[in-house]
> 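Dropping a structure here in structure tokens format, bear with me for questions.
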Amino acid sequence: MKLLASLNSNRSVSLSSFSSSSSSLVSVLSTVLDAGHARPASPSSGSSGAREHLLSLIKSCAHESHLRQIHARILRTRSLEEPIISLRFLSRAAFSPAGHVTYAARFFSQIRKPSLAEFNTMIRAYSRSDSPEEGLYLYREMRRLGERTDPLTSSFCIKSCTKMESLTGGRQIHGRIVRDGHQSDNLLLTALMDFYSVCYKGEEACAVFDEMPERDTVAWNVLISCYLRNRRTRDVLAVFDAMIGGECGCQPDDVTCLHVLQACTSLNVLEFGGKVHEYIEERGYGDAVKLRNSLITMYSRCGSMDKAFMVFKGMRVKNVVSWSALISGLAMNGKGREAIEAYLAMLRANVVPDDQTFTGVLSACSHSGLVDEGMLFFEGMSKDFKRTPNVHHYGCMVDLLGRAGLLDQAYELIMSMSSKPDSMIWRTLLGACRIHRHVALGERVLWHLTELKAQEAGDYVLLLNIYSSVGDWEKVTEVRKFMKETGIQTTPGCTTITLNGIVHEFTVDDVLHLRQNEIYTMLDEIGSQLKIAGYVPEISSELHNLSYEEKGYRLSYHSEKLAIAFGVLATPPGTTIRLANNLRICVDCHNFAKVLSSVYDRMVIIRDRSRLHHFQGGHCSCNDYW
DNA sequence: ATAGGGTTAG
């Protein structure tokens, strides 16, 4: 950190570049500036005119070459000690579209005695750059020099810590804030909250929130984003209700809506999402592209593709995100052909696809079994669009090839990846091995997962499923024994169903719900009804068979079944049952929902990790994969 | 004195 040490004047750098890069705006303004500066009469007005010109010159510059030219101009015509000029320059340098932090730093180092404002601007620039730690160094330098700091200085430092996810650094700044007596500054506390939230310290974030003297919309927004990040999605809906109910002393704004829509998406609550949509229209946020895009995602991921499309159609300006949201929405809903149509329409509209567009297109192909098309797009993305495939793209391709039974090809693709394959990719292939009962490859994949030290209970269950599907019961017992001995923890499956804005959460063999007796009675009844209709429980593939043995339950239920039973119980006949599940729905629950949809004449929509399952009249939208 | 702060779509 030698920013303050040097007081050099490297004018030559700036001057030499002046002639080489030409910019009409800059040269015109420079001419005016020189003329104004040179005018002998009334020096005060002339110089203030020149100053205005210089300021507007700074304001209009976006490229580093412009900055250099202006830098030279500043050095030639005025002193660096005129703070407004240097401040504006610093801000511009740091926040121009290109974000020239290094340039700002060089300029900063030439200021002999930076003011508090100049320090702050420089720290702010660092906090948003790729080297936020430099901001903290500068802050320490300030304290070493005995410079005064204000809440702004701290808030930029907090921002740096947030970006670095440095818990200890942030805690230190927090301590300083308290010592400096700045703990009643609302904006500073909001930044601090966000910091704790990003570091997954939800409780500490909430503690800061509780201590805030007053809370504005942004503070509530940060609380909501904290809930989202820390898996308290259900509380997000409650906060939104409280806000529109006037209990928070402030109204939701566009950012609130973005957050709440995200919550609706992950909980699969179409109804609440619609409510947010209405609110958006009421508040006149109709033209906000981010909100529209978020609505497209919410509607499509809640299984309401027609509404998603209506929002899309109604947009005056559509960007890549809008198109990608539509494409991956169609993909999730099993409408692969239409997703490809949308992609082609996007190209016709001269919108350039990016990485996430390709993820959507490729997942559309894999969800709909369009092998040739998928291969074509995969090759095309590097050839025609110069994009290197990332892990997501490879993941889609492995899924596509694997489901189609081209297991060896999928394996080769993984081995050909330039980057190291992650556990997700191997897991995808393992899933395909289960579908196609490929024992040898399944074992090899599990070996790769063990290599990565990333094997989870679910992986062993998949392997177990492969063995049981070929009738190798010895191996099944062996794997079970291994799992039991090593005490591998299973990720608890969790299903939510939301009724009237209240989120009901179920886990395997849940005994926590108020209406548990009713639910279990209902499950028994549903079970016997479905049996008549030809439903056969597929216990061999079930993870909960373990708990069946261990806990001695007569029957063990996945959270999906519990939530479905509750849905049948708590909603009038004919109502669509919407669930969200954190894992991947199993074959048995899938069959269960399928038969139930026809016997009880209910539409059931389940969203799991990767896709949306529409069950209706005994069929599922992704029927062919089970 | 001058400028400057927190949350944000696929």
Side-chain angles (χ1 to χ4, degrees), chain A residues 51 55 58-59 81-92 94-95 114-125 127-128 150-160 162 182 185-198 205 208-209 212 215-229 250 252-262 265 280 285 288-301 308 311-312 315 318-332 342 346 351 353-361 363 392:
Chain A
R51 195 171 107 149
L55 287 175
I58 292 170
K59 205 174 165 189
E81 303 310 316
E82 189 175 0
I84 185 158
I85 299 278
S86 71
L87 257 182
R88 287 274 178 88
F89 185 85
L90 269 179
S91 305
R92 198 66 212 171
F95 304 118
S115 65
L116 174 59
E118 285 161 338
F119 268 117
N120 281 352
T121 307
M122 196 58 231
I123 295 179
R124 177 175 181 234
S127 75
R128 304 167 126 226
D150 66 359
L152 277 154
T153 327
S154 321
S155 90
F156 298 140
C157 291
I158 285 292
K159 189 85 190 147
S160 282
T162 308
H182 293 153
D185 186 305
N186 246 10
L187 267 70
L188 176 51
L189 290 180
T190 314
L192 196 58
M193 252 181 92
D194 188 50
F195 160 75
Y196 282 122
S197 155
V198 166
V208 175
F209 182 79
M212 286 173 78
R215 305 168 187 102
D216 61 3
T217 303
V218 183
W220 284 101
N221 289 348
V222 176
L223 182 73
I224 290 177
S225 83
C226 176
Y227 284 160
L228 281 174
R229 211 185 318 261
C250 56
D253 64 2
D254 50 342
V255 179
T256 320
C257 294
L258 283 174
H259 285 137
V260 180
L261 283 175
Q262 214 174 300
T265 306
I280 289 170
Y285 293 144
V289 180
K290 282 188 187 180
L291 277 173
R292 297 278 121 185
N293 292 343
S294 191
L295 280 171
I296 294 173
T297 306
M298 185 276 293
Y299 278 128
S300 62
R301 295 193 59 174
V311 173
F312 178 82
M315 287 176 76
K318 306 176 179 74
N319 59 16
V320 217
V321 182
S322 330
W323 284 97
S324 307
L326 182 73
I327 292 168
S328 43
L330 288 164
M332 259 214 132
M346 170 183 165
V351 179
D354 66 8
D355 280 356
Q356 294 198 58
T357 319
F358 285 115
T359 307
V361 174
S363 84
H392 302 288

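Note that the structure is a prediction, hence the values are computed from the model and not measured. Within every chain, numbering begins at 1; the chains are lettered A, B, ... in the order of the sequence lines, protein sequences first and strands thereafter.
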> Starting at atom CD1 of A:Ile296, determine the distance to atom P of B:dG10, rounded to an integer number of angstrom.
11 Å
> As a quick check of understanding, evaluate side chain to side chain donor-acceptor pair (under 3.5 Å) for A:Asp194 and A:Ser197, giving each step before the final call.
CA-CA 5 Å; A:Asp194 188 50; A:Ser197 155; 4.6 Å; no
> Sequence neighbours left out, what passes side-chain contact (heavy atoms from CB on, under 4.5 Å) with A:Ala288? Give chain and number order.
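With neighbours one apart ignored, the set is A:Leu291.
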> A:Ser324 has a side chain; which of B:dA9, B:dG10, B:dT8 sits nearest to it?
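Nearest to the side chain of A:Ser324 among the choices is B:dG10.
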> Under 3.5 Å, is there a donor-acceptor pair between the A:Ser115 and A:Glu118 side chains?
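Indeed, the side chains of A:Ser115 and A:Glu118 share at least one donor-acceptor pair under 3.5 Å.
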> Do A:Asp354 side-chain and B:dG10 base share a donor-acceptor contact under 3.5 Å?
yes
> Closest to the A:Val255 side chain: B:dT7, B:dG4, B:dG6?
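So the nucleotide nearest the side chain must be B:dT7.
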> Please report, rounded to the nearest Å, how far the C1' atom of B:dT7 is from the CE atom of A:Met212.
11 Å
> Just checking A:Leu295: base, sugar-phosphate only, or nothing, at a heavy-atom cut-off of under 4.0 Å?
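Nothing: the residue A:Leu295, judged by heavy atoms under 4.0 Å, touches no strand.
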> As an exercise, state the distance from CE of A:Met315 to CG of A:Asn293, rounded to the nearest 0.5 Å.
4.5 Å
> Regarding A:Ala219, tell me which of base, sugar-phosphate or nothing describes its non-hydrogen contacts under 4.0 Å with the strands shown.
base
> Under the salt bridge (charged side-chain N to carboxylate O under 4.0 Å, His left out) rule, collect the residues that match up with A:Asp185, sequence neighbours excluded.
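Checked A:Asp185 against salt bridge (charged side-chain N to carboxylate O under 4.0 Å, His left out); zero matches.
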> Could you tell me whether A:Asn120 contacts a base, only the sugar-phosphate backbone, or nothing, with contacts defined as non-hydrogen atoms closer than 4.0 Å?
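Here A:Asn120 touches the bases of the nucleic acid.
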> Please check the phosphate of B:dA9 (OP1 and OP2 only) for any side-chain N or O of A:Arg292 closer than 4.0 Å.
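No, outside the criterion.
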> Please confirm whether any donor atom in the side chain of A:Asp185 sits under 3.5 Å from an acceptor in the base of B:dG5, or the reverse.
yes
> Among B:dG5, B:dT7, B:dG10, which is the nearest nucleotide to the side chain of A:Thr357?
B:dG10
> Answer with base, sugar-phosphate or nothing: what part of the nucleic acid does A:Ser322 contact at a heavy-atom distance below 4.0 Å?
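Nothing: the residue A:Ser322, judged by heavy atoms under 4.0 Å, touches no strand.
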> For A:Asp254, which contact category applies under a 4.0 Å heavy-atom criterion: base, sugar-phosphate, or nothing?
nothing
> Ignoring hydrogens and angles, are the base of B:dG4 and the side chain of A:Asp150 linked by a donor-acceptor pair under 3.5 Å?
yes
> Would you classify A:Val218 as touching base, sugar-phosphate or nothing, given that sugar-phosphate means primed atoms plus P, OP1 and OP2, and contacts are heavy atoms under 4.0 Å?
base
> Any donor-acceptor pair under 3.5 Å between the side chain of A:Asp216 and the base of B:dG6?
yes
> Consider the side chain of A:Ser155, meaning its heavy atoms from C-beta on, and name the nucleotide among B:dG10, B:dG5, B:dA9 that approaches it most closely.
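Closest nucleotide to the A:Ser155 side chain: B:dG5.
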> When the distance from CD of A:Glu118 to P of B:dG5 is rounded to whole Å, what number comes out?
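So the two atoms are 16 Å apart, to the nearest Å.
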> Taking A:Ser300 for the side chain and A:Ile296 for the main chain, is one N or O donor matched with an acceptor at less than 3.5 Å?
yes
> Which of the following nucleotides, B:dG10, B:dT8, B:dG5, is nearest to the side chain of A:Lys290?
B:dT8
> Under 4.0 Å from OP1 or OP2 of B:dT7: is there any side-chain N or O of A:Lys159 that close?
yes
> Just compare B:dG6, B:dG4, B:dG10 and give me whichever is closest to any side-chain atom of A:Leu152.
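Looking only at side-chain atoms, A:Leu152 lies closest to B:dG4.
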> Using whole Å, what does the distance between atom C1' of nucleotide B:dG6 and atom CZ of A:Phe209 come to?
13 Å
> Tell me: CG of A:Leu291 to C1' of B:dT8, nearest whole Å?
9 Å
